[in-house]
Each structure stands twice: as structure tokens, then as C-alpha cells.
Protein chains: 2
Amino acid sequence: MKVGELVERSGVPLPTVKFYLREGLLPAGEATGRNQAAYGEEHLRRLRVIRALVDVGGLPITAVREILRAADDPDQAGHDVRGLAHFNLARPTRTDRSTAQWRSARVDALALVRAKGWNVHEESVWLDQLADAMAALRALGHEDILGLMDHYVASAEQLAGPEVAVVMAQPDRPSMVESVVTGTLLGEAMFVALHRMAQEDASSRFDPSGRPPADQAGVGAGVAERVPTAAETPAATKHRPPATYQARE
Amino acid sequence: MKVGELVERSGVPLPTVKFYLREGLLPAGEATGRNQAAYGEEHLRRLRVIRALVDVGGLPITAVREILRAADDPDQAGHDVRGLAHFNLARPTRTDRSTAQWRSARVDALALVRAKGWNVHEESVWLDQLADAMAALRALGHEDILGLMDHYVASAEQLAGPEVAVVMAQPDRPSMVESVVTGTLLGEAMFVALHRMAQEDASSRFDPSGRPPADQAGVGAGVAERVPTAAETPAATKHRPPATYQARE
DNA sequence: GATAGCGGATAGTGTCACTATCCATCTGAA
DNA sequence: TTCAGATGGATAGTGACACTATCCGCTATC
């Protein structure tokens with residue numbers, strides 16, 4: 001396959017393919033002459049992986065390079081597959097982590113996962129990112145959302161098991177690395193989309209007469225006592241505007 | 001409060017504060033002279049909201065401006081609070097949505113939420129983003145992850161109820177808008193961090209000899225087998241309290 | 001043997017979120 | 001009263017990022 005076909009089948013423009021080759025994201029094709037090279041199906045696949053990670057997952061090019069490097073090296077001893085791939089999924093820090101509030105949140109984050117008994121390294125970047133969010137919520141006085149922490153933990157735990165099972169079912173190490181990354185990133189992308197739609201749905205079902213239904217009131221305390229679902233709410237009005245909340249006074 | 005104090009208390013550098021003022025993210029202070037203005041606590045809070053949305057949530061400035069505009073306008077008739085705020089949380093499209101594969105994924109995404117009976121607009125950007133992820137997974141042959149869809153749906157549904165309850169408990173409309181955004185964005189940031197730690201934990205518990213331990217298998221098979229959908233599961237089992245998942249060992 | 005495609009190299013583009021200066025004016029402590 | 005330092009307003013510059021555009025000399029192919 002020559003580059004033109006690669007371009008056509010992948011939908012990635014030629015200058016971009018060249019860019020990926022330059023940046024080492026895409027391995028060079030097999031040289032068949034001074035000016036010609038042949039690409040295989042693996043190049044096409046690699047190109048799709050890159051686009052998925054960049055376009056859907058929002059990863060920076062440098063992170064993609066690191067991840068693909070790891071995936072390419074089948075016997076890179078002494079590293080946890082997941083840790084290696086995962087590390088590169090972290091977003092660069094933009095928050096100020098030197099404040100007392102942040103450190104306090106970080107301590108709480110660690111205590112939280114320790115209480116859950118999770119096997120997580122004390123220095124994990126995810127603990128930092130969890131602390132980022134917790135500190136921000138506290139600074140804004142949104143402890144009410146922190147009160148939902150158990151829900152988030154439960155959901156995260158619920159998803160992780162099956163996901164890891166899928167990854168572990170991969171036949172070889174490169175496939176596992178790719179599976180970790182695509183699974184984590186694209187799985188989360190799906191989750192985020194679903195989550196926001198679920199919110200819109202739950203929002204639209206909220207009783208517009210002014211007060212939340214009794215079962216809703218209890219939600220904050222227990223775990224989501226009950227949100228009536230579409231199946232139970234026949235002919236739910238589509239996208240009802242929350243008239244109740246439009247008028248402030 | 002003068003700008004110097006605002007800078008000191010918020011930790012945001014002066015040029016950045018000026019930038020936010022220029023961009024209309026931060027309302028001007030009350031003029032007390034030709035060259036002086038006074039800022040209040042609400043400016044400090046606004047600054048914190050901006051930093052949370054930009055730094056932790058990763059939103060572009062333009063989206064923040066739109067959101068804050070909506071939050072500022074207490075009687076903006078005819079708009080769904082959530083829809084309005086939500087819309088601006090969407091990431092700009094980078095994927096090619098003109099392919100047959102994408103359209104097919106988009107159809108499936110719509111069918112999925114329709115089957116759930118969710119009240120979601122047919123044109124929702126979240127359906128598009130869901131289709132992005134689904135199409136990418138399919139193109140990569142990762143149908144195995146799509147097989148976990150029910151888990152993602154269940155988790156999304158589980159979280160949405162309590163979250164909406166928190167939002168609806170806000171006293172006024174601006175607070176609700178802010179709560180929607182910070183709750184969605186920062187809540188998801190927490191979830192992502194927890195999710196990845198949960199994966200590392202589940203990964204570390206995976207029996208290296210090849211098969212998952214018994215309790216892990218239960219998670220992988222039992223839950224994976226079937227996530228009871230909201231519609232078919234009686235209230236009792238739905239939204240099972242997190243207690244179930246806390247004691248792992 | 002023309003012409004389209006190829007690889008390799010270099011330079012340019014557009015966006016984004018700041019960041020840096022300059023200037024004239026004003027404040028507040030000495 | 002004086003004057004260093006802060007302030008508001010305006011304009012321009014920066015650095016990261018992910019491409020995108022050209023140019024060149026060579027080559028495959030019709």
C-alpha cells in the first residue's frame with residue numbers, strides 16, 4: 001500500500017500523515033526504493049488509533065507517542081502495563097497545588113482510597129487530580145457534591161471490574177496496552193456522553209410543580225432512592241422546560 | 001477591595017485578571033474614580049469559578065463566558081437551565097462525522113437512549129459524542145468494550161438522580177446554573193480520577209496466573225452478564241447503595 | 001516521455017490562554 | 001505636599017499545539 005491509499009482509506013490528510021511520520025507516531029513504511037515505501041494494514045490501524053486518541057480522547061501528541069512506544073515494545077520488563085499507559089493519560093496540571101487547601105484535599109483523597117482498600121500508589125497522579133476537583137468544589141462551597149462521593153466511588157468500582165476483564169482477555173501485550181488506552185479513554189467518552197444525557201433525562205423528570213417529589217428529596221441522603229424512568233412515566237413530555245426554575249422571584 | 005487584594009486572595013496573576021475583565025468573564029468593579037474600581041466578594045467567587053472551569057474542567061474561555069452569561073441572567077425565558085449550561089460543555093468536534101460508519105453509530109446511539117426511554121433531544125450534542133466514541137471503538141475492532149455499554153448506562157443513570165437532586169436544591173437560578181456546571185464538570189473529574197484508580201486496583205487484583213480471583217470473576221461475569229436496566233429493575237435493587245461495593249476483601 | 005505521485009525538508013498558519021509593556025492617573029504614607 | 005507605587009486601559013507579544021503548505025528532486029506508470 002502506498003501513502004495515497006493510506007490517506008484515502010484512513011481519511012487522514014496527507015500532510016497530517018507526514019506529520020505523524022515525522023513525529024514518530026506512525027512508523028515508516030518499508031522502503032521499496034529511494035523514493036518509495038510500502039505501508040501495511042498495521043499502519044492503517046495505527047492511524048486509526050492515533051485519531052481516536054487525539055480526536056475522541058483529546059490526548060496530546062506527545063502522550064500518544066509515549067503510549068504507542070509502550071505498546072510497540074512487547075517485553076519492556078518491570079513495568080505495569082496499565083500504570084505505564086495510564087500515566088500518559090493524565091492531563092497536565094493547571095491548578096495551584098501549593099496551597100494548604102489543596103494539600104488538605106490531597107490528604108482526604110488518599111484517605112478515601114485507603115479506606116476503600118484500593119491498591120493505589122501513594123504518588124498516583126489520579127490522587128492529585130481527585131484532589132484538584134475536591135479542592136475546587138470546597139473552595140466554591142459545593143460540599144453537597146462531595147457528599148455524592150460514595151456514588152462516584154461505587155460507579156467507578158462497578159465499571160472497573162468488567163473493563164479489566166476485557167483488557168486481560170487480550171491475546172498479547174501490545175493489544176493489552178492498546179485495549180487499556182482505548183478502553184479507558186473511549187469508554188470514558190461514552191460514559192460522559194451517557195452521563196450528561198442521563199442528567200438531562202433526570203432533570204426533565206423532576207417535578208416542575210415546585211418541589212421535588214418525596215422520593216427525590218431522599219436522594220441526597222441515601223443512594224438515589226428512585227428516579228422514575230421513562231418506562232414508568234408514560235408519554236413523558238419531551239424536553240419540558242423547567243418552568244419552575246425560570247422565574248427567580 | 002481593590003484589584004491587588006483580589007489578585008492576592010485569588011492567587012490569579014494580575015495580567016490574567018485583566019484578561020478576564022477584558023474578555024467579559026469577570027464583571028468590572030464599581031468605579032470609584034477615574035482610575036479606581038472596587039471589587040466585592042462576588043468577584044472573588046467568580047474568579048474561583050472561572051479557574052475551576054478552566055483548570056479542572058478544561059473548558060475553553062468562550063464556553064465559560066456563555067455559561068456565566070446564562071448564570072447572570074436570572075430570567076432568561078424559554079431556556080432549559082441544564083440544556084443551556086450543558087450545551088457549552090461539549091467539546092468541539094474533531095472527528096469526521098460524514099462517514100457511513102459514523103452515521104450508523106449515531107443511529108445506534110439514538111436507538112440506545114430511546115430504548116432506555118430517556119428524555120433526550122434527537123439533536124443532542126451528547127448523542128453525537130456518544131456516536132464518536134462508538135464509531136471509534138468499532139473502527140478499532142473493540143466491540144468488546146461496546147459490550148460493556150449496559151454498565152456505562154447503569155452508572156450514568158445511578159449518578160444522575162442524586163446529582164439532579166443536588167442541583168434542584170439550590171436556592172436560586174444563578175446558583176442552579178453554577179451548580180449544574182461545577183457539579184457536572186467537577187463531578188466528572190472526580191469520577192475519572194476514581195475510575196482510573198479503580199482500574200488500577202482491579203488490575204492489581206487480577207490473578208497473574210491467568211484467571212481472575214473469585215470475587216473479581218463475580219464482578220466481571222455477574223455484573224457484566226447483565227446490568228439490570230432501570231426500567232426492568234424494581235426500585236429495591238436499583239441504585240444499590242455503595243455499601244455493597246465497599247468491602248472488597 | 002509526460003505527468004502524477006512520492007519521500008524528505010523547511011517554513012507557515014490559526015487558535016488559545018495568557019503575559020508583558022506602556023502610559024496617564026490616582027492613592028496613601030512620609 | 002510630595003512622590004513611590006498601585007491602578008485602569010490599551011496594545012502587542014509569547015509559547016504551546018496540531019497541523020498545513022510548499023518546494024525539491026526522484027520515480028512509477030500510462
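Predicted, not measured: the structure shown is a model, and the values here were computed from it. So you know, we letter chains A, B, ... as the sequences are listed, proteins then strands, and number each from 1. Hydrogens, waters and symmetry mates play no part in the numbers below; they use all other heavy atoms, side chains included.
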Write down the distance between [atom1] ([X]) and [atom2] ([N]), rounded to a whole number of angstrom.
X	N	atom1	atom2	result
B:Leu59	C:dT15	CG	C1'	17 Å
A:Glu23	C:dA9	CD	C1'	14 Å
B:Glu5	C:dG28	CD	P	13 Å
B:Leu14	D:dA10	CG	P	15 Å
A:Tyr20	D:dC19	OH	C1'	8 Å
B:Arg22	D:dA12	CZ	C1'	10 Å
A:Arg91	D:dC17	CZ	P	14 Å
A:Glu8	C:dG5	CD	P	11 Å

To the nearest 0.5 Å, what is the distance between [atom1] on [X] and [atom2] on [Y]?
X	Y	atom1	atom2	value
A:Tyr20	A:Ser10	OH	OG	9.5 Å
A:Ile145	A:Met134	CD1	CE	13.0 Å
A:Met168	A:Gln170	CE	CD	10.5 Å

Would you indicate what B:Ala37 reaches in the nucleic acid, counting non-hydrogen atoms under 4.0 angstrom: base, sugar-phosphate, or nothing? sugar-phosphate

Please classify the nucleic acid contact of A:Gly4 as base, sugar-phosphate, or nothing, using heavy-atom distances under 4.0 Å. sugar-phosphate

Nearest of [options] to any side-chain atom of [X]?
X	options	result
B:Thr16	D:dA21, C:dC18, C:dT27	C:dC18
B:Lys2	D:dC19, D:dT20, C:dT27	C:dT27
A:Arg34	D:dT20, D:dG8, D:dC26	D:dC26
B:Tyr39	C:dC6, D:dC19, D:dG8	D:dG8
A:Phe19	C:dC26, C:dA17, D:dA18	D:dA18
B:Lys18	D:dT27, D:dC19, D:dA10	D:dA10

What do you reckon, is CD of A:Glu23 surrounded by more than 12 foreign heavy atoms closer than 6.0 Å? yes

B:Arg51 or B:Thr32: which one's nearest nucleotide on DNA chain C is closer to the 5' end? B:Arg51

Between A:Gly33 and A:Pro15, whichever has its closest DNA chain D nucleotide further toward 5' is A:Pro15

Per side chain to side chain donor-acceptor pair (under 3.5 Å), B:Trp102 is matched among B:Asp128, B:Thr95, B:Asp132 by B:Asp132

Confirm from the modelled atom types if B:Asn35 and C:dC26 form a donor-acceptor pair under 3.5 Å, side chain to base only. no

